[in-house]
Amino acid sequence: AKMHKYLLYNAVEPEELPTLKELNTIEICKVWSGMSRHIYRQLLKKKAVDIGLGSFAVVPVHANVAEGKVLPVERPMFIMNKTLKMFYNLEGDEIKIPEEIPVVQPDFEDIAAHTHFRHEILEQCVQETLLYFAGALRENKEVEFTFR
């Protein structure tokens, strides 16, 4: 059900992003850096993390090494939610998370334990950033989202 809030029929209004207004850029970056470390820890435990817009997962891909030689490697990827992809008319390869990989939600209590933010603030900041991101998708805006 979480994903549906990102299917936007209307533009995102500033009042829908109260936490982002309260935090400064450095704080927002700190929240996402905590989120990023949390996702990394889950990927190491062979889990995928669903953040609403899609999931981070390590998926098997085939890398072309030398002429005609293919090497199976595992690659961390962000796999956009199928419904969202259709809703926003986005192109891209159909990538599936392997069935043996459990998909989990971000544990904001755990992220809070590793950062100096309360878990409510973390969760709201992440959701509002994603809402803002969905708003950009809706308006076909170019978005750069750097994620270590």
### Message
If you compare all heavy atoms of Glu91 against all heavy atoms of Lys85, which two are closest, and at what distance to 0.1 Å?
### Response
O-CE, 4.2 Å
#### Entry: Inter-residue atom distance Lys21.NZ - Glu16.CD, 0.5 Å rounding
10.0 Å
### Task
For residues Ala48 and Ile101, report the shortest heavy-atom separation together with the two atoms involved.
N-CG2, 3.6 Å
#### Entry: Closest approach of Met80 to Leu84 (non-hydrogen atoms, all atoms of both residues)
CE-CD2, 4.0 Å
Name every donor-acceptor pair, under 3.5 Å, that has one atom in a side chain of residues 50-73 and the other anywhere in the protein, sequence neighbours excluded.
unit_1, atom_1, unit_2, atom_2, d
Asp50, OD1, Gly52, N, 2.9

#### Entry: Thr19 backbone acceptor or donor facing Glu128 side chain under 3.5 Å
yes
### Query
Is the count of non-hydrogen atoms from other residues, nucleotides or ligands lying under 6.0 Å from Ile26 atom CD1 greater than 12?
no
#### Entry: Non-hydrogen side-chain atoms of Leu20 and Thr129 separated by less than 4.5 Å
yes
### Message
For a quick test of reading the model, state the closest non-hydrogen atom pair linking Gly34 to Thr115 and the distance between them.
### Response
CA-CG2, 3.9 Å
### Query
Is a side-chain N or O of Glu27 found less than 3.5 angstrom from the main chain of Asn24, in a donor-acceptor match?
yes
### Message
Looking only at the side chains, is there a donor atom on one of Asp107 and His38 sitting less than 3.5 Å from an acceptor on the other?
### Response
no
### Message
Hydrophobic cluster membership, with links at side-chain heavy-atom distances under 4.5 Å among I/L/V/M/F/W/Y: are Ile95 and Val49 in one?
### Response
no
### Minimum-distance pair of heavy atoms, taken over all atoms of Glu139 and Ala11
OE2-CB, 3.5 Å
### Sub-4.5 Å side-chain heavy-atom contact between Gln127 and Leu130
no
### Query
With a 4.5 Å limit on heavy-atom distance, are the side chains of Val126 and Pro106 in contact?
no
### Query
Is the number of heavy atoms from other residues, nucleotides or ligands within 6.0 Å of CD (Glu99) greater than 12?
no
### Message
Please check: side-chain N/O of Asn81 versus main-chain N/O of Thr83, any donor-acceptor pairing under 3.5 Å?
### Response
yes
### Task
Would you sort out whether Leu122 and Met35 count as a side-chain contact (heavy atoms from CB on, under 4.5 Å), showing the intermediate values?
CA-CA 8 Å; Leu122 287 165; Met35 181 77 168; over 6 Å; no
### Message
Does any part of the side chain of His116, heavy atoms only, come nearer than 4.5 Å to the side chain of Lys30, both counted from C-beta?
### Response
yes
### Task
Report yes if the side chains of Glu22 and Gln124 come closer than 4.5 Å at any heavy-atom pair, otherwise no.
no
## Note on the structure
Apart from Leu44 itself, its cluster of hydrophobic side chains linked below 4.5 Å comprises Tyr40
### Message
Quick check: closest heavy atoms across Ala134 and Leu8, and the distance to 0.1 Å?
### Response
C-CD1, 3.7 Å
### Lys82 side, atom NZ; Met86 side, atom CE - distance, nearest 0.5 Å
8.5 Å
### Task
Supply the atom-to-atom distance Ile97 CD1 to Ile79 CD1, rounded to the nearest 0.5 angstrom.
4.5 Å
### Query
Checking Arg138 side chain against Tyr88 main chain: does a donor-acceptor pair fall under 3.5 Å?
no
### Message
Would a single hydrophobic cluster contain both Ile39 and Met77, if residues Ile, Leu, Val, Met, Phe, Trp and Tyr are joined by side-chain heavy-atom contacts under 4.5 Å?
### Response
no
### Approximate separation, where rounding is to 0.5 Å, of Cys125 SG and Leu17 CG
10.0 Å
### Message
Tell me if the centroids of the rings in Phe117 and Phe108 come within less than 6.0 Å of each other.
### Response
no
### Task
Output the distance between atom NZ (Lys47) and atom CD (Gln105), rounded to the nearest 0.5 Å.
12.5 Å
### Summary
Sorted by chain and number, sequence neighbours left out, salt bridge (charged side-chain N to carboxylate O under 4.0 Å, His left out) with Glu74 holds for none
